[in-house]
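Note that these values count all heavy atoms, side chains included, but never hydrogens, waters or copies made by symmetry.
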Amino acid sequence: MAINERFTDISSSLSNQVRVTIPARVAFDLKSIQKVTAQVLGQLGCDACHSGFDIRFDLVRDFVVDANLNVRAAAAGAEVAK
């Protein structure tokens, strides 16, 4: 196998990776995660098919601390950390 062929194989597989960041309340609710999955698949071009995509769901882990030391999740719609 030529070096260029291997590079092409690696780069084409990386382009199929999709990352979706979600709050915990979505990740642990079956109906919510199914709805999100369907919407992501729709954005990818097929509402009912994962084929060809490596979809990875990440939980929100970014937090913001205000001047009063209140901690909240940074992403819109995410749960507030206590």
Completion exercise
Residues at least two apart in sequence or cross-chain that pass side chain to side chain contact (heavy atoms under 4.5 Å, CB included) with Asn70, listed by chain then number, are Asp66, Asn68
Practice task
Check whether any side-chain heavy atom of Leu59 sits under 4.5 Å from a side-chain heavy atom of Ile22, and report yes or no.
Solution key: yes
Practice task
Could you state whether Phe63 and Leu69 fall into the same hydrophobic cluster, counting links through intermediate Ile, Leu, Val, Met, Phe, Trp or Tyr residues with side-chain heavy atoms under 4.5 angstrom apart?
Solution key: yes
Which pairs would a plain distance check flag for residues 30-42, meaning a side-chain donor or acceptor within less than 3.5 Å of a matching protein atom at least two apart in sequence or in another chain?
from: Ser32; atom 1: OG; to: Asp29; atom 2: OD2; distance (Å): 2.5
from: Thr37; atom 1: OG1; to: Ile33; atom 2: O; distance (Å): 2.7

Handout entry: Arg56 and Asp54 ion-paired at < 4.0 Å
Key = yes
Practice task
Go through the steps for Leu44 and Val18 under the test side chain to side chain contact (heavy atoms under 4.5 Å, CB included), then give the verdict.
Solution key: CA-CA 9 Å; Leu44 295 173; Val18 178; 4.0 Å; yes
Exercise for the section: Using a 4.5 Å cut-off on heavy atoms from C-beta on, say whether the side chain of Val20 contacts that of Ile55. Expected result: yes
